[in-house]
Student: 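Sharing a structure, written as structure tokens. Questions coming.
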Amino acid sequence: MSLTTEGRAPGPVRFRLACDRGDCAEHTTFDLVIAEPPPDRETDFLGHLLHEAHQAMPYIDGLGWVCAGGAGYRCPTCAAASRRRPADTA
Ligand SMILES: [Zn+2]
């Protein structure tokens, strides 16, 4: 998963997003101010870890990037290419 964060909520967090498709070198960096603090580490460890990434999801969607599950992230160009079907190109 090529989404890395620098900083922790609540407060400004810098996100670095890189495309994971083949040798595509597309990447982007953006900053979000996340007001909501993460859940407690003891009671929700995964939620604690992924808090910033979850908060950024709508913004990532808005940029046109797509989360490809375990395969990481696709930049808008690669996401469009993988959606294209042979019938659409005729
Ligand atoms: Zn790409």
Side-chain angles (χ1 to χ4, degrees):
M1 300 264 284
S2 294
L3 175 67
T4 56
T5 57
E6 200 176 284
R8 293 241 55 178
V13 180
R14 170 154 294 181
F15 293 86
R16 290 195 179 84
L17 191 55
C19 182
D20 291 307
R21 182 171 180 264
D23 54 2
C24 180
E26 191 66 30
H27 62 274
T28 187
T29 303
F30 59 92
D31 296 297
L32 291 180
V33 176
I34 297 175
E36 196 181 319
D40 188 76
R41 182 196 290 266
E42 301 300 323
T43 56
D44 186 359
F45 184 67
L46 201 60
H48 180 87
L49 275 185
L50 298 176
H51 177 68
E52 285 81 7
H54 282 160
Q55 297 293 307
M57 279 305 165
Y59 191 82
I60 291 170
D61 276 353
L63 292 176
W65 285 64
V66 174
C67 179
Y73 287 85
R74 299 283 180 270
C75 70
T77 304
C78 292
S82 65
R83 269 197 299 269
R84 200 176 298 134
R85 305 261 168 98
D88 296 333
T89 59

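First listed ligand is number 1; within each ligand, the first listed atom is number 1.
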Student: Is there a chain of hydrophobic side chains (I, L, V, M, F, W, Y, each step under 4.5 Å between heavy atoms) that links Trp65 to Phe15?
Tutor: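 Cluster IDs for Trp65 and Phe15 match.
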Student: Once ring pair (Phe, Tyr, Trp, His ring centres under 6.0 Å) is applied, do any residues pair with Phe45, and if so which ones, sequence neighbours excluded?
Tutor: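 Phe45 satisfies ring pair (Phe, Tyr, Trp, His ring centres under 6.0 Å) with no residue once adjacent residues are dropped.
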Student: Nearest 0.5 Å, what's the OH-OG1 distance between Tyr73 and Thr28?
Tutor: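 Output value for this atom pair is 13.0 Å.
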Student: More than 12 non-hydrogen atoms from neighbouring residues, nucleotides or ligands closer than 6.0 Å to CZ on Arg14, yes or no?
Tutor: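 No, because the 6.0 Å sphere around CZ of Arg14 holds 12 heavy atoms or fewer from other groups.
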Student: Quick one: do Leu32 and Leu63 end up in the same hydrophobic cluster if we chain Ile, Leu, Val, Met, Phe, Trp and Tyr together by side-chain heavy atoms under 4.5 Å apart?
Tutor: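 Yes: a chain of side-chain contacts under 4.5 Å links Leu32 to Leu63.
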Student: Give the cluster check for Met57 versus Val66: same hydrophobic cluster or not, with ILVMFWY residues linked at side-chain heavy-atom distances below 4.5 Å.
Tutor: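 Met57 and Val66: separate clusters.
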Student: How many protein N, O or S atoms are found at a distance of less than 2.8 Å from the Zn ion (ligand 1)?
Tutor: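 Step by step: take the Zn ion (ligand 1), keep protein N, O, S below 2.8 Å, and you get 4.
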